[in-house]
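Scroll down for the structure; my scribbles are underneath it.
Note: hydrogens, waters and symmetry copies are ignored here, and every other heavy atom, side chains too, is used. Here is the naming used below: chain letters follow the sequence lines, and residue numbers restart at 1 for every chain.
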Amino acid sequence: MHEAYDVHHVQEKWLPIWDAIEPFKSGRADDPRPKKYVLDMFPYPSGDLHMGHAEAYALGDVIARYWVQKGFNVMHPIGWDSFGLPAENAAIKRNADPRAWTYENISVQKASMRRFACSFDWDRVLHTSDPEYYKWNQWLFLEMYKKGLAYRKDSPVNWCPNCQTVLANEQVVAGLCERCDSEVTKKKLNQWYLKITDYADRLLDDMEQLEGQWPEKVLMMQRNWIGRSIGAEVEFEIEGRAKPVVVYTTRPDTLHGATFMVVAADSELAAELVQGTGVESDFAKYLEGVKAASDIDRLATDRPKTGVFLNRYAINPVNGAKLPIWASDYVLADYGTGAIMAVPAHDQRDLDFARAMKLPVSVVVETGEEDPNATGVATTGEGVMINSGSLNGLKKADAIAKVIEELSASKKAKAAKNYRLRDWLISRQRFWGTPIPIIHCPTCGEVPVPESQLPVELPDAVGLDLKPKGTSPLGAVESWVNVPCPACGAPAKRDADTMDTFVDSSWYFLRYTSVNRGDVAYDRAEVDTWLPVDQYVGGVTHAILHLLYSRFFTKVLFDMGKLNFTEPFTKLLNQGMVLMDGSAMSKSRGNLVRLSDELATHGVDAIRISMVFAGPPEDDVDWADVSPAGSAKFLNRAWRISGDVTSKAGVDFTTGDLALRKIVHKALHDISFAVESFRFNVAVARVMELVNHTRKAIDSGCGAADPAVRESAEAIAISLSLVAPYTAEEMWERLGHKPSVALAGWPAIDQSLLGADNVTAILQVNGKIKDRIEVAPNISDADLEKLAMENAEIKAAIAGATISKVITRAPKLVNIVL
RNA sequence: GCCCCGAUAGCCCAAUGGCAGAGGCAGAGGACUUAAAAUCCUCCAAGUGUGGGUUCGACCCCCACUCGGGGCACCA
């Protein structure tokens with residue numbers, strides 16, 4: 001009869017013991033260990049934890065637990081991103097209080113995390129929906145307001161008709177609402193923005209520091225998103241208009257090739273230029289059509305170019321040519337100046353437009369490609385300038401420099417940069433978020449709520465109609481919205497919008513250091529100690545939004561002198577998603593795997609190890625490909641070894657079987673290396689290998705009593721503590737030790753055991769393997785070459801031939817080239 | 001259309017430019033058992049997507065392509 005290992009009993013057994021020991025408490029003032037900050041992205045409290053959480057937290061836990069074993073004082077906190085639409089929508093659906101729904105889910109998730117053996121420091125927990133937290137959102141907003149970084153403006157904004165709220169650019173995916181996939185429309189509203197564009201250059205340039213530390217993919221996505229382009233702004237005089245029109249171009253070198261100008265149809269400039277031209281009605285008709293077309297239609301890049309001639313002319317500053325001005329929807333109102341110079345010969349979009357409208361095409365760069373007039377394909381290759389006056393014969397870079405220099409003398413042009421990135425719209429017309437701490441007074445205008453009155457707390461939701469109506473539900477709460485103006489005392493109204501929840505998550509990593517401080521957002525000394533985050537772990541879904549905003553906030557706080565670093569997350573690991581049968585799990589697809597079911601069947605450890613072992617952490621895990629039953633089997637094998645050991649705890653390992661000891665130390669070394677390079681699947685494989693070797697040593701090798709077997713069993717327990725905490729703890733106890741194995745410490749590796757006695761050298765002729773010989777690891781090139789020449793196989797292979805070259809790489813290889 | 005990443009055994013995945021296989025899943029055979037489960041042992045398979053190149057030597061570096069995944073997309 002084999003002993004059975006009852007996973008559920010073991011789980012219940014250890015939880016209260018861990019609660020008592022608190023192995024992962026990080027706030028002890030006298031802690032002499034060096035510090036490390038390991039952070040998992042905090043969850044949104046919608047229902048219980050799911051498979052995706054399980055993977056993310058299993059991976060983060062390996063890292064946190066590893067650094068604890070290596071002797072670090074690891075801060076590994078958790079919290080909840082607990083403001084947001086789902087709570088509000090659920091509340092509307094059930095006619096309940098979003099607060100109650102939110103905090104119930106939090107307590108369910110918290111209990112699940114504890115059972116999942118997450119190594120969180122439970123004394124550092126925050127919820128962004130607590131007034132103690134969002135007070136500091138408001139404080140930060142006001143600090144930014146003081147610096148001019150928070151401002152209000154009227155502009156057409158992305159509007160989700162289903163959520164009945166505005167969306168940030170970042171929350172519109174392919175013209176659809178990120179949350180509900182409704183088609184996003186435009187609406188002109190007066191809204192609050194944060195001036196992230198002021199930081200565009202630094203957000204871009206500081207990524208150099210993150211190179212090699214963050215996934216290349218994320219850096220690339222952020223670069224793309226910021227979308228800096230370098231070019232020039234050029235002034236074009238307009239006939240019959242006092243002020244010139246400025247255009248932005250990345251190709252000022254092709255200025256001589258400009259044959260017309262295009263302004264965005266929906267821009268104020270177009271509306272102004274058309275006045276008094278006699279074509280007002282044509283323009284109005286065209287604009288109507290443009291406005292009717294949704295963003296989705298606009299996204300189709302292959303649709304034919306349309307536009308209307310405005311019956312006006314611009315003057316090309318380099319040659320005085322008269323350029324007809326057109327309005328079209330292929331020029332964007334909110335990029336650059338909303339007006340372009342069209343160079344159809346060398347820009348495909350301009351060429352398409354020119355051909356549609358029968359406008360002239362003038363080639364000014366000789367690229368060796370076919371004439372765009374004939375082919376309809378704009379030539380964009382490198383070449384020399386032609387038909388360009390003083391620029392003739394120059395290459396692109398020189399022509400750009402020269403034309404800017406020439407025009408800048410008369411202030412007609414200057415070098416300029418442009419960004420795809422727009423300012424961050426943070427107003428939301430919803431209830432469950434941070435109230436914007438501004439009071440609107442009929443006489444004083446917008447007045448910040450005095451700091452002493454923070455937080456501006458949300459009113460009670462009970463009895464409130466939270467259904468989306470296009471204006472914030474807060475506006476309807478008379479007792480809340482009506483306040484005296486802090487400046488003049490006259491009746492005034494609170495701003496009834498709430499903040500985008502991405503504001504909450506843009507600085508939460510700072511708050512963990514000081515969750516109990518009511519008087520400051522964060523304790524400066526604590527933040528100086530713990531930050532920046534050494535290791536951040538989370539999904540690639542936040543590659544742009546959350547990470548960019550957090551980087552922005554960090555730089556703002558740095559500029560305010562409130563932080564001493566400019567990048568919040570030193571290293572980033574993006575885990576993949578958990579799929580089922582090749583696609584994302586969903587109820588509608590019918591491929592949902594419930595975490596609770598998997599845990600009930602296989603136990604926490606088996607699920608954790610399955611997640612970690614499934615493949616590289618950044619790859620998606622297809623649950624159809626993993627075998628939690630196999631993981632459970634492996635854990636059983638490991639556990640049984642701890643029961644087989646017969647030597648006493650504390651036995652001198654150095655008297656143990658040398659062969660096994662070498663395997664143990666090599667394994668410990670490899671596991672460390674694999675964990676530190678995020679190859680957790682490889683680390684688990686090494687533990688499996690060690691278990692296999694130890695099994696063999698017990699059954700048919702040095703025997704269960706050998707000290708090396710105990711050394712190995714303890715190494716297995718400690719290694720497993722990173723990924724299978726219950727099994728590891730159980731093993732550790734059976735091996736005669738006191739809990740917790742999480743604090744056992746990573747065994748010191750004996751370097752003298754890492755070198756092999758003998759290594760196998762490969763003997764090749766012309767790169768083909770002829771024989772293998774055992775040699776000493778420190779053999780010299782000369783000796784190895786000598787052995788090769790004396791080898792029978794080699795002699796046979798090279799008999800009669802002339803040796804042209806011998807490559808020797810002691811102690812691994814000799815290659816004889818004939 | 002542009003950019004990024006990937007492709008190794010039936011499957012998931014390993015392999016500082018130097019023996020293609022560490023580990024697992026699935027499969028086959030055996031031991032134990034009255035039997036089954038569990039457990040243990042043994043076995044099994046690809047020459048690394050395709051075509052070139054560099055090199056004494058390429059899964060690894062370079063070029064072109066195919067397929068898959070992802071990002072951006074009228075940003076001047």
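- A donor-acceptor contact closer than 3.5 angstrom links the side chains of W623(A) and E598(A).
- The shortest distance between the side-chain N/O atoms of R809(A) and the OP1/OP2 oxygens of C56(B) is not below 4.0 Å.
- Spacing of C1' atoms, G27(B) relative to U34(B), comes out at 28 Å, to the nearest Å.
- The side chain of L813(A) sits closest to G18(B) out of C25(B), A76(B), G18(B).
- Map P616(A) and N815(A) each onto its nearest nucleotide of RNA chain B; the residue landing nearer the 5' end is P616(A).
- Computed from coordinates, the W623(A) CH2 to C25(B) C1' distance equals 13 Å when rounded to whole Å.
- Under the Watson-Crick or G-U wobble criterion, with both distances below 3.5 Å, C61(B) is paired with G53(B).
- C63(B) sits 40 Å from C25(B) when the P atoms are compared, rounded to a whole Å.
- Nucleotides G24(B) and C67(B) have their P atoms positioned 36 Å apart, rounded to a whole Å.
- Map K812(A) and Y419(A) each onto its nearest nucleotide of RNA chain B; the residue landing nearer the 5' end is K812(A).
- Between D619(A) atom CG and C5(B) atom P there is a gap of 14 Å when expressed in whole angstrom units.
- Residue contacts for Q764(A): at a heavy-atom cut-off of 4.0 Å it reaches a base atom on one of the strands shown.
- Remark: C40(B) base-pairs with G30(B); criterion is Watson-Crick or G-U wobble with both hydrogen-bond distances under 3.5 Å.
- When ring centroids are compared, W424(A) and Y549(A) come within the 6.0 Å threshold.
- Using a 30° and 60° split on the angle between ring planes, F678(A) and F680(A) fall in the tilted class, from 30° to 60°.
- For V817(A), taking side-chain heavy atoms from C-beta onward, the closest of the listed nucleotides C56(B), A76(B), A14(B) is C56(B).
- The separation between D622(A) atom CG and C25(B) atom P is 17 Å, rounded to whole Å.
- Counting only N and O atoms by type, the side chains of R809(A) and N815(A) include no donor and acceptor under 3.5 Å apart.
- Among the heavy atoms of the strands lying under 4.0 Å from R679(A) are primed sugar atoms or P, OP1, OP2 only; no base atom is included.
- For K633(A), taking side-chain heavy atoms from C-beta onward, the closest of the listed nucleotides C11(B), U39(B), A76(B) is U39(B).
- The side chain of R420(A) has A73(B) as its nearest neighbour among G71(B), A73(B), A76(B).
- Taking atom CD on Q348(A) and atom P on C74(B), their separation rounds to 15 Å, with Å as the unit.
- Side chain of N316(A) to main chain of L255(A): a donor-acceptor pair is present (N/O by atom type, distance under 3.5 Å, no hydrogens or angles).
- Separation of the C1' atoms belonging to C41(B) and G47(B) is 29 Å when rounded to the nearest angstrom.
- The same atom, P, is picked in A22(B) and in C62(B); the two are 28 Å apart, to the nearest Å.
- Only the C1' atoms considered, A26(B) is 26 Å distant from G69(B), to the nearest whole Å.
- Comparing C13(B), G70(B), C41(B) by their nearest atom to the side chain of M220(A) picks out G70(B).
- A64(B) and U54(B): their C1' atoms are spaced 15 Å apart (whole Å).
- When distances are taken from the side chain of I340(A) to each of A76(B), A22(B), C72(B), the shortest belongs to A76(B).
- Among the nucleotides C13(B), G23(B), A76(B), the one closest to any side-chain atom of V331(A) is A76(B).
- Rounded to an integer number of Å, the gap from CG of D334(A) to C1' of A76(B) is 13 Å.
- Glycosidic conformation of G49(B): anti, with the torsion beyond 90° of 0.
- Contact annotation: Y330(A) does not reach the phosphate of A76(B) (side-chain N/O to OP1 or OP2, under 4.0 Å).
- Proximity note for R686(A) (side chain, C-beta onward) versus A14(B), C72(B), A76(B): the nearest is A14(B).
- Between S631(A) and G24(B) there is no side-chain N or O to OP1 or OP2 distance below 4.0 Å.
- Comparing the P positions of G49(B) and C13(B) gives an interatomic distance of 15 Å, to the nearest angstrom.
- Between the D329(A) side chain and the V290(A) main chain, no donor and acceptor come within less than 3.5 Å of each other.
- With a cut-off of 3.5 Å on both pairing distances, the Watson-Crick or G-U wobble partner of G68(B) is C5(B).
- Cation-pi geometry between K305(A) and F353(A) is not satisfied (NZ or CZ under 6.0 Å from the ring centre, within 45° of the ring normal).
- Look at R251(A) and D347(A) and you find no salt bridge, because none of the NZ, NE, NH1 or NH2 atoms lies under 4.0 Å from a carboxylate O.
- Taking 4.0 angstrom as the limit, K217(A) places none of its side-chain polar atoms (N or O) nearer than this to OP1 or OP2 of C4(B).
- Between A22(B) and N681(A), no contact under 4.0 Å exists linking OP1 or OP2 to a side-chain N or O.
- Contact annotation for N692(A): backbone-only contact, meaning every heavy-atom pair under 4.0 Å involves sugar-phosphate atoms and none involves a base.
- The nucleotide whose nearest atom lies closest to any side-chain atom of I762(A) is, among G18(B), A76(B), G23(B), G18(B).
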